[in-house]
Amino acid sequence: MANLLRMAGRYALSTLREMGRMFLFLLSALKMIFKPPFKFKQLLRQMRFFGNKSMLVILLTGSFTGMVLALQLYYILRKFGSEALLGPGIALSLIRELGPVLSALMVTGRAGSALTAELGMMRISEQIDALTAMALNPIRYLIVPNITAALIVFPLITAIFDVIGIYGGYLVGVKLLGISGGTYFSLMEDYVEMKDVLLGFYKSVSFGLIVSWISCYKGFNSGFGAAGVSKATTEAVVLSSILILIWDYSLGSFLI
């Protein structure tokens with residue numbers, strides 16, 4: 001029993017130390033975001049990195065999510081004679097919940113893992129140590145542009161996911177199941193409010209911070225060798241995904 005308690009205590013202390021290091025890493029990066037000189041070239045490169053890496057998977061996931069939603073909602077609403085509410089149901093589900101969460105999970109698996117692997121390779125090839133040796137702050141040059149780019153790109157990617165999903169639902173609901181196209185869009189305008197759009201926006205910005213923070217931290221502090229980079233990439237994807245879901249519930253509870 002005493003050994004079990006000692007092991008639990010060591011694990012708890014180790015977890016708390018890791019959490020402390022992660023928060024200090026984030027604070028040091030956030031402190032430099034608004035402090036000149038600004039690295040606009042690196043910022044544009046990382047915005048292109050997030051967009052290019054994620055766009056195809058966002059388009060595919062968004063369209064099929066909207067199509068599946070249309071099918072499932074149609075058969076539920078038909079039981080209550082409310083098929084006309086298909087458009088608002090799809091729009092609200094995507095804008096408030098599925099768009100921000102699914103797009104963040106897709107970007108985590110695609111661009112987040114690539115970012116962790118890239119930083120991990122820079123760590124094991126000693127490029128990060130070289131920056132420090134040249135008196136250049138690696139957090140300013142490598143981490144700040146990634147976090148800033150994620151804060152800008154995540155809401156844009158989520159908006160694209162939402163629009164593609166709504167038109168995917170239109171294809172199934174209007175073209176396949178026979179709902180009027182005018183009803184699909186006109187009721188959407190009546191039921192979707194600005195607070196729904198803002199909730200999705202707040203979620204996507206916070207998810208961008210989580211994904212870029214965890215991916216950068218794990219890559220920046222990865223172990224040596226291919227095994228270390230692989231472990232860091234796996235940990236970044238798993239931890240980012242879990243934090244996205246936990247934060248989604250927490251933020252939704254406050255802002256609902």
Side-chain angles (χ1 to χ4, degrees), residues 30 33 43 47 50-51 53-74 76-77 82-112 147-174 179-213 240-241 243-256:
L30 292 178
I33 283 183
L43 173 62
M47 287 175 66
F50 278 108
K53 289 284 182 186
S54 312
M55 194 49 64
L56 180 59
V57 73
I58 288 294
L59 293 176
L60 286 172
T61 312
S63 59
F64 280 99
T65 300
M67 293 164 73
V68 169
L69 262 180
L71 274 178
Q72 297 299 327
L73 276 178
Y74 176 80
I76 293 172
L77 292 171
S82 306
E83 298 97 322
L85 293 176
L86 183 67
I90 291 173
L92 286 172
S93 301
L94 286 169
I95 292 170
R96 290 178 61 92
E97 191 63 43
L98 293 177
V101 173
L102 289 181
S103 57
L105 292 176
M106 292 299 110
V107 176
T108 300
R110 190 68 181 91
I147 291 179
T148 311
L151 293 176
I152 297 171
V153 169
F154 266 64
L156 300 176
I157 286 177
T158 302
I160 293 171
F161 186 102
D162 293 343
V163 172
I164 293 294
I166 288 171
Y167 276 97
Y170 175 86
L171 282 178
V172 173
V174 176
I179 291 178
S180 162
T183 303
Y184 184 86
F185 284 112
S186 63
L187 288 180
M188 201 182 294
E189 292 177 3
D190 295 336
Y191 282 89
V192 178
E193 301 175 3
M194 182 51 71
K195 67 177 183 182
D196 303 313
V197 179
L198 288 177
L199 176 61
F201 175 78
Y202 296 146
K203 283 186 176 181
S204 60
V205 170
S206 58
F207 294 159
L209 180 62
I210 290 172
V211 172
S212 57
W213 167 35
S240 297
S241 302
L243 287 180
I244 284 169
L245 296 175
I246 292 174
W247 183 244
D248 176 51
Y249 176 79
S250 305
L251 192 62
S253 301
F254 283 113
L255 298 180
I256 196 168

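No experiment lies behind these values; they were computed from the predicted model shown.
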Stepwise side-chain contact (heavy atoms from CB on, under 4.5 Å) test for Leu187 and Asp190: CA-CA 5 Å; Leu187 288 180; Asp190 295 336; 3.9 Å; yes
Test item: side-chain donor near acceptor, Thr158 and Ser103, under 3.5 Å: yes
Smallest separation among heavy atoms of Ala104 and Thr108, with atom names: O-OG1, 2.7 Å
Minimal non-hydrogen separation, Met188 against Gly87, with atom names: CE-O, 3.6 Å
CG-CD1 distance between Leu77 and Ile179, expressed to the nearest 0.5 angstrom: 8.0 Å
Rounded distance (nearest 0.5 Å) linking atom CD1 of Ile244 with atom CD1 of Ile210: 6.5 Å
From CA spacing to verdict: side-chain contact (heavy atoms from CB on, under 4.5 Å), Leu209, Phe154: CA-CA 9 Å; Leu209 180 62; Phe154 266 64; over 6 Å; no
Set of ring-ring contact (aromatic ring centres under 6.0 Å, His included) partners for Tyr184, sequence neighbours left out: Tyr170
Ser82 side, atom OG; Ile76 side, atom CD1 - distance, nearest 0.5 Å: 11.5 Å
From Leu98 atom CG to Ile90 atom CD1, the distance as rounded to the nearest 0.5 Å: 11.0 Å
Sub-4.5 Å side-chain heavy-atom contact between Ile33 and Leu30: yes
Smallest separation among heavy atoms of Val153 and Gly51, with atom names: CG1-N, 4.4 Å
Expected list for residues 196-208: side-chain donor-acceptor pairs under 3.5 angstrom, two or more places apart:
residue, atom, partner, partner atom, Å
Asp196, OD1, Arg96, NH1, 2.6
Asp196, OD2, Glu193, N, 2.9
Lys203, NZ, Arg96, O, 3.1
Lys203, NZ, Glu97, OE1, 2.9
Lys203, NZ, Asp248, OD1, 2.8
Ser204, OG, Gly200, O, 3.3
Ser204, OG, Phe201, O, 2.8
Ser206, OG, Tyr202, O, 3.1
Ser206, OG, Lys203, O, 2.8
Ser206, OG, Trp247, NE1, 3.0

Straight-line distance of Trp213 CH2 to Ile147 CD1, nearest 0.5 Å: 9.5 Å
Gap between atom CG of Leu86 and atom OG of Ser180 - 0.5 Å precision: 11.5 Å
Nearest non-hydrogen partners of Gly112 and Val211, listed with the distance: CA-CG1, 4.4 Å
Ignoring hydrogens and angles, write down the donor-acceptor pairs under 3.5 Å from the side chains of residues 54-73, residues two or more places apart or on other chains.
residue, atom, partner, partner atom, Å
Ser54, OG, Phe50, O, 2.8
Thr61, OG1, Val57, O, 2.5
Ser63, OG, Leu59, O, 3.0
Ser63, OG, Leu60, O, 3.0
Thr65, OG1, Thr61, O, 2.6

